[in-house]
**Q** 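Take a look at the following structure, please.
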Amino acid sequence: MSSITITLPDGSQQQVPSGSKPIDIARSISPRLAEDAVVARVNGNLYDLTRPLEGDAGLQILTSKNPEALEVYRHSTAHLLAAAVLELYPDTKLGVGPPIETGFYYDFQRDTPFAPEELEKIEARMWEIQARDLPYERVMTKKSEGLPKYASEGAWMKCELIEEKAEEVFSEYTLGPHFIDFCRGPHVPSTKRIKAFKLLMVSGSYWKGNEKNARLQRIHGTAFFSKKDLEAYLTQVEEAKKRDHRKLGQELDLISIQELAGPGLIFWHPKGALIRKIMEDWMREQYLARGYSLVYTPHIGRKQLWQTSGHADFYADSMFTPMELDDAEYRLKPMNCPFHILIYKDRLRSYRELPVRLGELGTVYRYERSGTMHGLMRVRGFTQDDAHIFCRPDQIEDEIVSCLQFALDVLSAFGFTQYEAELSTWDGGASGKYDGSPEQWGMAETALHKAIERLSMNAKVMTDEAAFYGPKIDVKLVDAIGRKWQLSTVQFDFTLPRRFDLEYIAEDGKAHQPLMCHRALYGSVERFFGILIEHYAGAFPVWLAPVQAIVLPITDRHAEYAMKVKNQLAAAGLRVEVDATNEKVNAKIRTAQMQKVPFMLVVGDREAENGTVSLRNRRHGDQGAKPVDEVLAAILKLTTDRTPYE
RNA sequence: GCCGGAGUAGCUCAAGUGGAAGAGCGCCGCUCUCGUAAAGCGGAGGUCGGGGUUUCGAAUAUCCCCUCUGGCUCCA
């Protein structure tokens with residue numbers, strides 16, 4: 001038997017017989033490693049631990065510490081799920097079953113949907129199969145043999161996958177004598193390796209994610225290497241649910257959605273409205289400080305406007321239906337851009353006045369399909385902090401840099417340190433689905449790349465994800481339940497300047513077309529607020545808190561002094577209340593804590609006599625007696641400094 | 001829009017084989033005058049999401065609709 005050379009990550013080399021398996025080599029290094037091993041990386045590709053090595057190879061053994069190993073492990077758990085479902089419901093057809101960020105799922109086609117109670121039964125069967133310690137065996141099959149086999153079983157989804165993806169000889173993985181699945185792998189060696197999983201929910205899906213295709217049943221689950229990790233994850237999910245903005249929005253009396261008025265329409269209650277006002281005021285100040293002009297534009301516009309902008313053709317599905325008036329047909333605006341463009345176009349522009357930056361907190365209405373609304377995050381009426389920048393080509397890079405810097409400043413003002421940025425580019429023009437010339441795309445994408453570099457941002461490049469009218473950079477944040485939401489966006493637009501025939505007079509005395517960029521930083525005030533509620537778990541920092549301090553008189557004998565303290569703080573511009581209810585101070589504290597008021601000022605005989613308050617911080621508890629002036633100054637400072645956390 | 005699940009007092013939730021609708025919190029009133037996360041007593045409050053059908057009788061069975069919710073699709 002010939003021997004092959006295996007190079008390990010530390011550079012050391014071993015001569016082993018050809019056909020040796022990664023698990024053998026792991027075992028030769030240490031039995032412990034062999035036990036912890038999940039999967040191998042061979043010349044950069046993931047391999048089963050039991051897959052024979054045919055030639056010289058760089059080999060890395062991945063253990064449970066490796067994120068890719070967790071994906072493999074979850075993928076194997078998905079197979080375990082499929083095997084259990086087939087044992088219990090043999091007529092079920094298999095779709096796909098990949099690992100995802102939070103676990104895994106498998107799509108099934110079956111006449112009757114899985115009832116939630118059935119999950120327990122399936123999970124129990126999974127444990128039975130797990131206990132059988134079945135190996136995940138890789139089998140190589142010729143397409144000409146495999147396809148008829150799947151076809152004869154009626155596994156039509158697998159047939160489609162094989163037609164589309166499989167090489168002439170493809171891999172399948174078995175699990176016991178009856179289960180075999182077309183799959184690229186790799187997998188863990190056997191079911192015994194799977195120690196901790198839980199099926200979480202069942203939901204609908206579509207074959208290949210297309211709603212025109214067959215409806216499938218998706219079973220979601222999660223899996224971890226240890227029961228402890230699984231428990232920790234489940235606890236974390238429970239904790240996250242407590243900060244769901246919909247729950248806190250109600251508990252803190254911030255917002256509501258009224259069935260009588262319609263779904264996806266937000267009512268801002270006094271406390272929510274106050275926070276919104278602060279957010280908006282801050283944003284407007286920033287606009288003015290950064291060279292934007294503020295404008296206001298109407299909520300509706302004539303049909304002809306939307307025809308000119310192209311929305312009537314390309315965006316009609318997302319627009320509210322038209323309103324007939326005596327003179328014309330009007331439509332509610334789904335975007336602000338056409339209106340800002342009309343302001344730009346209202347007179348001739350000189351190159352000297354560019355860039356023109358027109359900003360507005362503009363409320364737009366979009367028809368969202370009924371199943372897609374989600375609290376504040378996805379609604380039918382929302383306000384964008386929207387601006388459109390019209391500039392010369394030589395200005396565009398600096399403009400993009402300042403937009404992105406602005407976006408980062410917004411994030412840091414609210415204490416966000418975790419975000420994801422994506423740079424969406426076109427496909428190079430191959431498909432013809434993008435508007436604009438290759439020169440325009442080249443220039444715009446270069447400007448975006450350069451801007452990212454200049455700010456040393458990390459942005460994932462998403463090829464073929466651009467808007468049809470231009471490339472863009474998006475910033476996304478994650479909500480309490482782990483879902484990603486887009487906030488800031490900076491987008492080029494090659495289309496609207498052309499459609500509206502925008503111009504400026506350049507140094508050469510001739511008319512040129514300006515470049516245009518859309519940008520929104522909160523994205524939607526509603527969504528950003530939803531993210532903020534969850535980010536702070538309802539405990540807004542002092543500068544945003546609707547009630548910054550509450551004075552708690554111990555008995556009604558102290559109410560007068562409490563009012564005096566309140567008035568003193570309020571005179572300095574602070575938002576203060578007095579809890580004059582006929583309750584014990586403990587109850588007042590509890591109420592204030594639950595309302596997440598940053599500061600509680602307890603006042604009784606001692607305080608009234610000394611001109612002090614007994615300060616309680618919502619996070620750190622009793623801080624002892626302090627002069628009113630001192631407390632006032634401290635709260636005022638947190639407010640004016642806009643400290644993201646106190 | 002699609003596939004599941006749900007809708008009972010302001011909130012969180014019980015009960016109910018079809019036969020007068022319940023609790024806790026909250027709210028209102030009274031008593032207590034209280035020192036860092038819930039004082040006591042009393043009271044008000046419900047077309048059981050809306051509409052139809054079956055029935056002597058429907059919160060309960062059944063059909064349609066609405067809204068919420070978990071996904072899918074789509075998106076700020």
Side-chain angles (χ1 to χ4, degrees), chain A residues 105 107 110 112-118 200-220 244 246-247 250-251 253 256-264 315 317-318 334-335 364 366-386 467 474-476 481 483-489 491 518 520-528 530-531 552-559 581-595 600-607 614-618 620-625:
Chain A
Y105 67 79
D107 279 346
R110 185 177 168 236
T112 44
F114 294 105
E117 308 82 64
E118 286 176 292
L200 299 173
M201 61 192 169
V202 52
S203 66
S205 68
Y206 299 101
W207 173 234
K208 291 180 185 163
N210 185 332
E211 64 189 10
K212 295 200 173 70
N213 290 343
R215 275 192 297 276
L216 307 177
Q217 305 293 324
R218 175 169 298 179
I219 297 181
H220 277 267
D244 188 310
R246 292 166 299 185
K247 184 172 153 67
Q250 184 194 65
E251 287 172 1
D253 196 14
S256 66
I257 295 168
Q258 300 290 332
E259 185 169 345
L260 190 57
Y315 209 70
D317 288 351
S318 297
M335 293 188 190
V364 297
R366 298 184 185 172
Y367 171 73
E368 297 291 348
R369 298 161 90 193
S370 61
T372 61
M373 260 89 70
H374 182 87
L376 288 167
M377 304 297 202
R378 184 80 183 274
V379 295
R380 283 187 176 154
F382 59 100
T383 299
Q384 294 181 307
D385 61 315
D386 203 3
D474 296 323
V475 175
K476 302 185 176 190
I481 334 266
R483 286 176 287 215
K484 255 183 237 172
W485 297 98
Q486 180 175 324
L487 301 175
S488 308
T489 185
Q491 312 184 340
H518 309 251
L521 306 181
Y522 286 148
S524 130
V525 176
E526 283 76 4
R527 179 179 289 179
F528 197 83
I531 292 277
L552 309 180
I554 287 173
T555 75
D556 46 16
R557 174 167 86 244
H558 310 111
T581 56
N582 184 16
E583 289 291 346
K584 294 170 70 169
V585 73
N586 277 318
K588 294 181 184 184
I589 285 170
R590 180 165 189 272
T591 305
Q593 284 287 153
M594 291 197 306
Q595 286 295 306
M600 284 149 267
L601 315 180
V602 179
V603 296
D605 290 333
R606 295 198 296 269
E607 290 77 11
S614 190
L615 182 68
R616 181 184 166 99
N617 177 296
R618 68 180 164 195
H620 310 300
D622 191 357
Q623 306 290 300

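Just so it is clear, the values below take in all heavy atoms, side chains as well, and ignore hydrogens, waters and symmetry mates. Order of the sequence lines sets the chain letters (A, B, ...), proteins ahead of strands, with each chain counted from 1.
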**Q** Take atom P in B:rC25 and the same atom in B:rG7, then report the distance between them in whole Å.
**A**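 So the two P atoms sit 24 Å from each other.
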
**Q** Tell me whether the side-chain N/O atoms of A:S203 come closer than 4.0 Å to OP1 or OP2 in B:rC3.
**A**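 No, because none of the side-chain N or O atoms of A:S203 sits under 4.0 Å from OP1 or OP2 of B:rC3.
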
**Q** Which nucleotide sits closest to the side chain of A:P263: B:rA76, B:rC68, B:rG1?
**A**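 Closest of the options to the side chain of A:P263: B:rC68.
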
**Q** Please tell me which of the listed nucleotides, B:rC72, B:rA76, B:rU67, lies nearest to the side chain of A:S205?
**A**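 Closest nucleotide to the A:S205 side chain: B:rC72.
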
**Q** Check for me whether A:R369 meets the cation-pi criterion with A:Y367, that is, NZ or CZ under 6.0 Å from the six-membered ring centre and within 45 degrees of the ring axis.
**A**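 Negative - A:R369 is either too far from the ring of A:Y367 or too far off its axis.
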
**Q** CD of A:Q250 versus P of B:rC68: gap in Å, rounded?
**A**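 Going from A:Q250 (CD) to B:rC68 (P), I get 14 Å.
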
**Q** Name the residue closer to the 5' end of RNA chain B, choosing between A:R616 and A:H220 according to the nucleotide with the nearest heavy atom.
**A**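 So the residue in question is A:R616.
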
**Q** A:E583 CD to B:rC25 P: how many Å, rounded?
**A**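 Spelled out: CD on A:E583 to P on B:rC25 is 11 Å.
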
**Q** Between the base of B:rG35 and the side chain of A:E607, is there a donor-acceptor distance below 3.5 Å?
**A**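 Side chain to base: pair found, below 3.5 Å.
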
**Q** Can you tell me which nucleotide in B:rU33, B:rG71, B:rU67 comes closest to the side chain of A:N582?
**A**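 Of B:rU33, B:rG71, B:rU67, B:rU33 is nearest to the side chain of A:N582.
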
**Q** When you measure from the side-chain N and O atoms of A:Q486 to the phosphate of B:rC75, is any distance below 4.0 Å, counting only OP1 and OP2?
**A**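 No.
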
**Q** Picking from B:rC75, B:rC3, B:rG35, which would you name as closest to the side chain of A:D605?
**A**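 Between B:rC75, B:rC3, B:rG35, the one nearest the side chain of A:D605 would be B:rG35.
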
**Q** Can you check whether any acceptor in the base of B:rC32 is under 3.5 Å from a donor in the side chain of A:D556, or vice versa?
**A**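 Absent.
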
**Q** Has A:W485 got its ring stacked on the base of B:rA76, with centres under 5.5 Å and planes less than 30° apart?
**A**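 A:W485 ring does not meet the centre or angle cut-off for B:rA76; no stack.
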
**Q** Using atom CZ of A:R215 as one end and atom C1' of B:rG71 as the other, report the distance to the nearest whole Å.
**A**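 Nearest whole value for this atom pair: 14 Å.
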
**Q** Look at the side chain of A:Q491 against the base of B:rA76 and say whether a donor-acceptor pair falls under 3.5 Å; ignore hydrogens and angles.
**A**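 Looking at the base of B:rA76, it does not pair with any donor or acceptor on the side chain of A:Q491 (distance under 3.5 Å).
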
**Q** When you check the side-chain N and O atoms of A:T591 and A:Q593, is any donor under 3.5 Å from an acceptor?
**A**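 The answer is no; no qualifying pair exists.
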
**Q** If we count only N and O atoms by modelled type, under 3.5 Å, do the side chains of A:N617 and A:Q623 hold a donor and an acceptor together?
**A**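 Note: A:N617 and A:Q623 side chains miss the donor-acceptor criterion.
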
**Q** B:rG4 C1' sits how many Å from A:Y206 OH, rounded?
**A**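 After rounding, the gap between these two atoms is 12 Å.
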
**Q** Quick one: is A:R246 getting a side-chain N or O under 4.0 Å of the B:rG70 phosphate, OP1 or OP2?
**A**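 Yes, A:R246 has a side-chain N/O under 4.0 Å of OP1/OP2 on B:rG70.
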
**Q** Tell me which nucleotide, if any, is Watson-Crick or G-U wobble paired with B:rG1 when both distances must be under 3.5 Å.
**A**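 The base-pairing partner of B:rG1, which may sit in any strand shown, is B:rC72.
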
**Q** Which pair of heavy atoms, one from A:N213 and one from A:W207, lies closest together, and at what distance?
**A**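 Minimum heavy-atom separation between A:N213 and A:W207: ND2-O, 2.9 Å.
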
**Q** If you go through the side-chain atoms of A:N210, does one of them form a donor-acceptor pair with the base of B:rU73 closer than 3.5 Å?
**A**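 There is none.
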
**Q** Whether the A:E583 and A:T581 side chains hold a donor-acceptor pair (N or O, under 3.5 Å, no angle test) is what I'd like checked.
**A**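 Side-chain D/A pair, A:E583 to A:T581: absent.
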
**Q** Sticking with atom C1', work out how far B:rC41 lies from B:rG4, rounded to a whole angstrom.
**A**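 Here B:rC41 and B:rG4 have their C1' atoms 48 Å from each other.
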
**Q** Whole Å only: how far is the CE atom of A:M600 from the P atom of B:rG35?
**A**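 Result: 18 Å.
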
**Q** Pairing donors with acceptors under 3.5 angstrom, does anything connect the side chains of A:D386 and A:H518?
**A**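 No, because no side-chain N or O of A:D386 sits under 3.5 Å from a partner of the opposite role on A:H518.
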
**Q** Just checking A:D622: base, sugar-phosphate only, or nothing, at a heavy-atom cut-off of under 4.0 Å?
**A**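 A:D622: base contact, heavy atoms under 4.0 Å.
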
**Q** The side chain of A:M201 is closest to which nucleotide in this list: B:rA76, B:rA38, B:rG70?
**A**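 Nucleotide nearest to A:M201's side chain: B:rG70.
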
**Q** Measure from CZ on A:R218 to P on B:rC72 and round the result to the nearest Å.
**A**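 One finds 6 Å between P of B:rC72 and CZ of A:R218, rounded.
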
**Q** Quick one: look up who B:rA6 pairs with, Watson-Crick or G-U, both distances under 3.5 Å, and put none if it's unpaired.
**A**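 Pairing partner: B:rU67.
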
**Q** Can you work out whether A:M377 or A:P113 has the more 5'-proximal nearest nucleotide on RNA chain B?
**A**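 The residue whose closest nucleotide sits nearer the 5' end is A:P113.
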
**Q** A:Q595 CD to B:rA37 P: how many Å, rounded?
**A**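 After rounding, the reported distance stands at 17 Å.
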
**Q** Pairing check on B:rG26: which nucleotide meets the Watson-Crick or G-U wobble criteria with it, both distances under 3.5 Å?
**A**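 Pair assignment: B:rG26 / none.
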
**Q** A:H374 NE2 to B:rU73 P: how many Å, rounded?
**A**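 Nearest whole value for this atom pair: 16 Å.
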
**Q** Between B:rG1 and A:Y367, counting only base atoms on the nucleotide and side-chain atoms on the residue, is there a donor-acceptor pair under 3.5 Å?
**A**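 Such a pair does not exist between side chain and base.
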
